[in-house]
*Asks:* 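Quick one: this structure, given as structure tokens, is what I'll be asking you about.
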Amino acid sequence: MKVLRTLIVACAMMTALSGCKSQYELLLSSNDVDAKYNGAFDYFNLGKYSKAAALFESLGVYTSGTERDDTVRYYCGLANYRSKDFYTADTKFEEFATTYPRSPFTEDARFLRLDCLYRQTLRYELDQSPTYTALTAMSEYIMDYPESEKIPQVRTMIDELGVRLDTKAFEAARLYYHTEDYLAARVAFKNVIKDDADNVHREEILYYIAMSSYKYAANSVHSKQRERYLSFIDDYYNFVGELPESKYRRELDSIYKRAQKATGKDVVTDDLKDKEFEKERKLLEKAAKKLQKNETEPESASITE
């Protein structure tokens, strides 16, 4: 009797414990594919994305090779994306696009993967490997879907990541300048321009190239200063030729005069040459505008007649 009573109590406890399972837990452990499939979408539509993701994940075992499989795999990635698990969503979307390249969900899955990759990129001070991975995927998306309405968003992401890489390269070169290694700074800044002529910091880079040359010359032994001031003068002319209206122009003009004196050149004569050149440049611009105006006037006059 005592043994029977113990068995009855144990059975009652097991029944009670099984009754405490939630509907979600029962679905997750269930082998009923239809119930689990419908339940996954119910949780998804209610915004309970973490639970939906787990149900879609468990469904994959049963739907593999069936007509439901691409839907289950896509929504598994989407549920993870909506729950802000971008690392898992990235993996799921990549696997989906590889397995089902022709699915009606593929274009959207590949775009959402781009957003996942973008969100996983790091500040410019940190490792930029995720940035390069994202840029590669974005370029592939543009080539594969050139007519997609998402292209403007992708290009915006590309531009933002490009600025991040430009800034990293610029700041790495500027570190040499701040540590007063001016020769290394000049070389580093020149390499930045060589590698990326359209760097968003181009004006500042050209300024720092000139300043690095000047400070390198000013801190050199006297016997080598003249040659190094001449390097600065070359950098100065490159800067002024490209950016005559720059906010750095006045500072560099002042330093240029000092370098001219240091090299024994006639500053007054050179200043006059610069003024004559500027005057001639303005006259040429004025003549070009007048010519352009004259080219349009005959047509308008004939219409009036």
Side-chain angles (χ1 to χ4, degrees), residues 1-122 129-130 133-134 136-138 140-141 144-145 148-151 153-154 157:
M1 289 292 295
K2 190 172 183 181
V3 173
L4 180 60
R5 193 180 302 118
T6 303
L7 287 172
I8 293 172
V9 171
C11 289
M13 289 179 66
M14 289 176 68
T15 303
L17 286 172
S18 64
C20 291
K21 276 191 175 183
S22 67
Q23 183 182 1
Y24 165 73
E25 290 171 323
L26 290 171
L27 274 175
L28 195 59
S29 59
S30 171
N31 295 327
D32 187 333
V33 177
D34 289 335
K36 186 175 287 193
Y37 184 85
N38 293 329
F41 276 104
D42 287 342
Y43 280 109
F44 183 88
N45 292 329
L46 288 170
K48 297 180 179 181
Y49 300 117
S50 295
K51 290 183 176 181
L55 287 170
F56 283 122
E57 179 75 34
S58 67
L59 265 171
V61 177
Y62 303 101
T63 59
S64 180
T66 70
E67 61 181 13
R68 286 179 171 180
D69 194 45
D70 67 327
T71 301
V72 169
R73 287 176 181 265
Y74 170 72
Y75 275 94
C76 184
L78 187 59
N80 279 288
Y81 177 83
R82 295 277 181 86
S83 66
K84 301 188 185 304
D85 184 354
F86 299 115
Y87 179 81
T88 303
D90 163 27
T91 303
K92 295 300 180 184
F93 285 136
E94 183 180 22
E95 290 175 353
F96 172 83
T98 301
T99 307
Y100 293 102
R102 302 184 189 283
S103 168
F105 298 118
T106 302
E107 181 180 345
D108 193 48
R110 288 185 62 181
F111 173 76
L112 291 173
R113 182 183 177 235
L114 298 185
D115 191 49
C116 292
L117 291 171
Y118 175 79
R119 292 171 184 270
Q120 292 177 78
T121 58
L122 307 172
S129 296
T133 300
T136 299
M138 289 171 189
E140 291 173 353
Y141 180 90
D144 292 342
Y145 303 102
S148 172
E149 62 182 15
K150 303 287 196 344
I151 293 295
Q153 293 172 257
V154 177
M157 288 190 283

*Asks:* Does the side chain of D85 reach to within under 4.5 Å of the side chain of Y87, using non-hydrogen atoms?
*Replies:*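 SC-SC contact between D85 and Y87 confirmed.
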*Asks:* Which is it for R68 and V33 under the side chain to side chain contact (heavy atoms under 4.5 Å, CB included) test, yes or no, and what are the steps along the way?
*Replies:* CA-CA 11 Å; R68 286 179 171 180; V33 177; 3.8 Å; yes
*Asks:* With Y100, which of T106, D70, D69 fulfils side chain to side chain donor-acceptor pair (under 3.5 Å)?
*Replies:*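 Checked T106, D70, D69 against Y100; only one passes side chain to side chain donor-acceptor pair (under 3.5 Å): D69.
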*Asks:* With rounding to the nearest 0.5 angstrom, report the CG to CG distance, L78 to D108.
*Replies:*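 Between L78 CG and D108 CG, I get 7.5 Å after rounding to 0.5 Å.
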*Asks:* Strictly under 6.0 Å, is that where the ring centroids of Y81 and F86 end up?
*Replies:*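 For Y81 and F86, the ring centres are under 6.0 Å apart.
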*Asks:* Other residues, nucleotides and ligands only: do more than 12 of their heavy atoms fall within 6.0 Å of NZ on K150?
*Replies:*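 Counting other residues, nucleotides and ligands, NZ of K150 exceeds 12 neighbours.
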*Asks:* Compare all side-chain heavy atoms of L112 with those of F105 and state whether any distance is below 4.5 angstrom.
*Replies:*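 Result no, sub-4.5 Å side-chain heavy-atom pair not found.
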*Asks:* State, yes or no, whether a side-chain contact exists between T63 and R73 at a heavy-atom distance under 4.5 Å.
*Replies:*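 Sidechains of R73 and T63: no contact.
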*Asks:* With a 4.5 Å cut-off on side-chain heavy atoms, are D42 and Q23 touching?
*Replies:*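 Side chain of Q23 against side chain of D42, heavy atoms only: no contact under 4.5 Å found.
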*Asks:* Check the side chains of Y62 and N31 for a donor-acceptor pair under 3.5 angstrom, ignoring hydrogens and angles.
*Replies:*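 Note: N31 and Y62 side chains meet the donor-acceptor criterion.
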*Asks:* If I compare all heavy atoms of A35 with all of L27, which pair ends up nearest, and what's the gap?
*Replies:*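 Nearest heavy atoms, A35 then L27: O-CD2, 3.5 Å.
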*Asks:* Of all heavy-atom pairs between S50 and S83, which one has the smallest distance, and what is that distance?
*Replies:*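 Closest approach of S50 to S83, heavy atoms only: OG-CB, 3.8 Å.
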*Asks:* Roughly how far apart are E25 CD and S30 OG, rounded to 0.5 Å?
*Replies:*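 It is 13.5 Å, given to the nearest 0.5 Å.
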*Asks:* Kindly write out the residues that satisfy salt bridge (charged side-chain N to carboxylate O under 4.0 Å, His left out) with D144, not counting sequence neighbours, or none if the list is empty.
*Replies:*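 Per chain and number, D144 pairs via salt bridge (charged side-chain N to carboxylate O under 4.0 Å, His left out) with R110.
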*Asks:* What's the spacing between Q120 CD and D90 CG if we round to 0.5 Å?
*Replies:*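 Interatomic distance, Q120 CD to D90 CG, rounded to 0.5 Å: 5.0 Å.
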*Asks:* Does the pair K48 and Y24 meet the rule for a side chain to side chain contact (heavy atoms under 4.5 Å, CB included), with working shown?
*Replies:* CA-CA 11 Å; K48 297 180 179 181; Y24 165 73; over 6 Å; no
*Asks:* Would N80 and T88 count as having a side-chain donor-acceptor pair, cut-off 3.5 Å?
*Replies:*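 Distance-only check fails for N80 and T88.
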*Asks:* Measure the CE-OG1 distance between M157 and T121 for me, rounded to the nearest 0.5 Å.
*Replies:*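 Here the rounded value is 10.0 Å.
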*Asks:* Rounded to the nearest 0.5 Å, what separation is found between the CG atom of L59 and the CZ atom of F41?
*Replies:*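 If I round to the nearest 0.5 Å, the distance is 9.0 Å.
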*Asks:* Less than 6.0 angstrom separating the ring centers of F111 and F93, yes or no?
*Replies:*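 Ring centres of F93 and F111 not closer than 6.0 Å.
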*Asks:* Is the Y145 ring parallel, tilted or perpendicular to the Y141 ring (thresholds 30°, 60°)?
*Replies:*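 Correct class here is tilted.
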*Asks:* Just checking, R82 and F44: is the charged tip under 6.0 Å from the six-membered ring centre and within 45° of the axis?
*Replies:*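 No.
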*Asks:* Please name the pair of heavy atoms, one in A109 and one in F96, separated by the smallest distance, quoted to 0.1 Å.
*Replies:*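 Scanning both residues completely, I find the closest heavy atoms to be CB-CD2, 3.7 Å.
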*Asks:* Please table the atom pairs, donor to acceptor, closer than 3.5 Å between any side-chain atom in residues 51-58 and protein atoms at least two apart or in another chain.
*Replies:*
| residue | atom | partner | partner atom | Å |
| --- | --- | --- | --- | --- |
| E57 | OE1 | K92 | NZ | 2.8 |
| E57 | OE2 | K92 | NZ | 3.2 |
| S58 | OG | K36 | NZ | 3.4 |
| S58 | OG | A54 | O | 3.4 |
| S58 | OG | L55 | O | 2.9 |

*Asks:* Looking at every heavy atom in both Y49 and A79, which two are closest together, and how far apart are they?
*Replies:*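 Closest heavy-atom pair between Y49 and A79: CB-O, 3.4 Å.
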